Number of protein chains: 2
Amino acid sequence: MKIGELATGSGCSIETIRYYEREGLLPPPVRTSSNYRDYDDGHVELLGFVRHCRSLDMGLADVQRLLAFRQDPQAHCADVNGILEQHIAHVAKRLAELQTLQKQLLKLRARCRKEVKACGVLQALNDRLPVHPSK
Amino acid sequence: MKIGELATGSGCSIETIRYYEREGLLPPPVRTSSNYRDYDDGHVELLGFVRHCRSLDMGLADVQRLLAFRQDPQAHCADVNGILEQHIAHVAKRLAELQTLQKQLLKLRARCRKEVKACGVLQALNDRLPVHPSK
DNA sequence: CTAAACCCTGTAGTCACTACAGGGTCAAGC
DNA sequence: GCTTGACCCTGTAGTGACTACAGGGTTTAG
């Protein structure tokens, strides 16, 4: 199958598929006489795996490691689980950050609605933040 | 004050300050005879405003628009509020996405713990996703 | 006087794509 | 046989918000 077919079948763009190939996430397929990429069912499955991982917001480096585990008969389930646990922690952290953020934004909006004349929002944004020790 | 002092005072890096100047978020300060940037209190306040906006995860384009409103006596509070509302919607959307994500990841983890031998996680990740119509 | 700590410019790298530019190939209809 | 349009190719540059050098100049403390 040609790249366009694989793209519509997998729900990602042609450019993304070529990008995955460059990055080593998809093995280069055979080429037709006119240099077109010619994919088989293995590619379809592999790309499905990659897209599933990406839909869970995993980075491509993690996806690559999972792909390696799939190939490796020596790999342990614990290795797979480790990547998963790390990713769960990462998402939980970002989730907490966003929730804090949302609270602050709603507070800010409340200010604007009350003090239209002097624009409470701009005033509030002007307040300096406590400076956290940054690297 | 020199750039290093501004950096430690504001909690962002020297490179970031120079980057903001290049992007037009901070006006270029005067230079000393040895070509060092020499900042004043106006810069400190401006940078505080920018960092506060960034801590709320606003994009630099939005920050720039807010900065323009600060300068403009014609600007309406409604303009400021518009940016804020958009941003609140944006954060709410991302929050919902992450919550869905987290549920899926926890489900996935549950699989791994049960079926160690055949690694349920890798199997589950191999399941194809329903293909959403993608652009 | 020297060494460390600071500053400068300019460029390239990050991540996961996306968007061209500038070409080649193929199938259908005239 | 020729054109038109849909498809494919490579290679490069852009996105956002920085970060990380390389390769220099300046200032300050001992």
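The structure presented is a predicted model; accordingly, all values stated were derived computationally and were not measured. Every chain is numbered from 1 and lettered A, B, ... according to where its sequence line falls, protein lines coming before strand lines.
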Under a 4.5 Å cut-off applied to non-hydrogen side-chain atoms, are A:Leu106 and A:Lys103 in contact?
no
Return the value, rounded to whole Å, for the distance between atom CD1 of B:Ile17 and atom C1' of C:dC7.
13 Å
Would you mind reading off the distance between B:Gln64 atom CD and D:dC18 atom C1', rounded to a whole angstrom?
15 Å
For B:Glu5 and B:Lys2, what are the C-alpha separation, side-chain angles and deciding distance, and is it a salt bridge (Lys or Arg N to Asp or Glu O under 4.0 Å)?
CA-CA 6 Å; B:Glu5 204 182 331; B:Lys2 285 191 283 184; over 6 Å; no
For B:Tyr19, enumerate each residue passing the ring-ring contact (aromatic ring centres under 6.0 Å, His included) test, keeping only those at least two apart in sequence or located in another chain.
none
With sequence neighbours excluded, residues passing ring-ring contact (aromatic ring centres under 6.0 Å, His included) with B:Tyr39:
B:His43
Calculate the interatomic distance between B:Glu5 atom CD and D:dT27 atom C1'; express it in whole Å.
15 Å
Determine whether a donor-acceptor pair (N or O, by modelled atom type, separation under 3.5 Å) exists between the side chain of B:His87 and the backbone of A:Leu105.
no
Checking contacts here: which listed nucleotide (C:dT9, D:dC18, C:dT18) is nearest the side-chain heavy atoms of B:Thr16?
D:dC18
Does atom CG (B:Asp72) have a neighbourhood of more than 12 heavy atoms from anything else shown, all under 6.0 Å?
yes
Examine D:dT10: is either OP1 or OP2 under 4.0 Å from a nitrogen or oxygen in the side chain of A:Arg18? Give yes or no.
no
Any side-chain heavy-atom pair of A:Leu46 and A:Pro27 under 4.5 Å
yes
Protein-nucleic acid N or O pairs under 3.5 Å, nucleotides 15-17 of chain D:
from, atom 1, to, atom 2, distance (Å)
D:dA17, OP1, B:Leu60, N, 3.4
D:dA17, OP2, B:Leu60, N, 3.2
D:dA17, O3', B:Arg54, NH2, 3.3
D:dA17, N7, B:Tyr19, OH, 3.4

Using only side-chain N and O atoms of B:Ser13, determine if any of them is under 4.0 Å from OP1 or OP2 of D:dC18.
no
Mind running a 4.0 Å heavy-atom check of residues 88-105 of chain A against DNA chain C and sending the residues that fall below it, in number order?
none
Donor-acceptor under 3.5 Å (A:Glu23 side chain, A:Gln64 main chain):
no
On DNA chain D, more 5' by nearest nucleotide between B:Glu15 and B:Lys2 is B:Glu15
Quick one: which of C:dC8, C:dT18, D:dT10 gets closest to the side chain of A:Arg22?
C:dT18
In whole Å, I'd like the distance from the CD atom of B:Glu23 to the P atom of D:dT19.
14 Å
Side-chain contact, heavy-atom cut-off 4.5 Å: B:Lys93 with B:Glu97?
yes
Applying salt bridge (Lys or Arg N to Asp or Glu O under 4.0 Å), can you list everything that pairs with B:Arg37, at least two apart in sequence or on another chain?
B:Glu21
Closest non-hydrogen atoms of A:Met1 and A:Leu6, given as atom of the first, atom of the second and distance, are CE-N, 4.0 Å
Nearest-Å distance, CD (B:Glu21) to P (D:dT19)?
17 Å
Write down the distance between CG (A:Leu56) and C1' (C:dA16), rounded to a whole number of angstrom.
16 Å
DNA chain C contacts made by residues 31-43 of chain A, counting heavy atoms under 4.0 Å:
A:Ser34, A:Tyr36
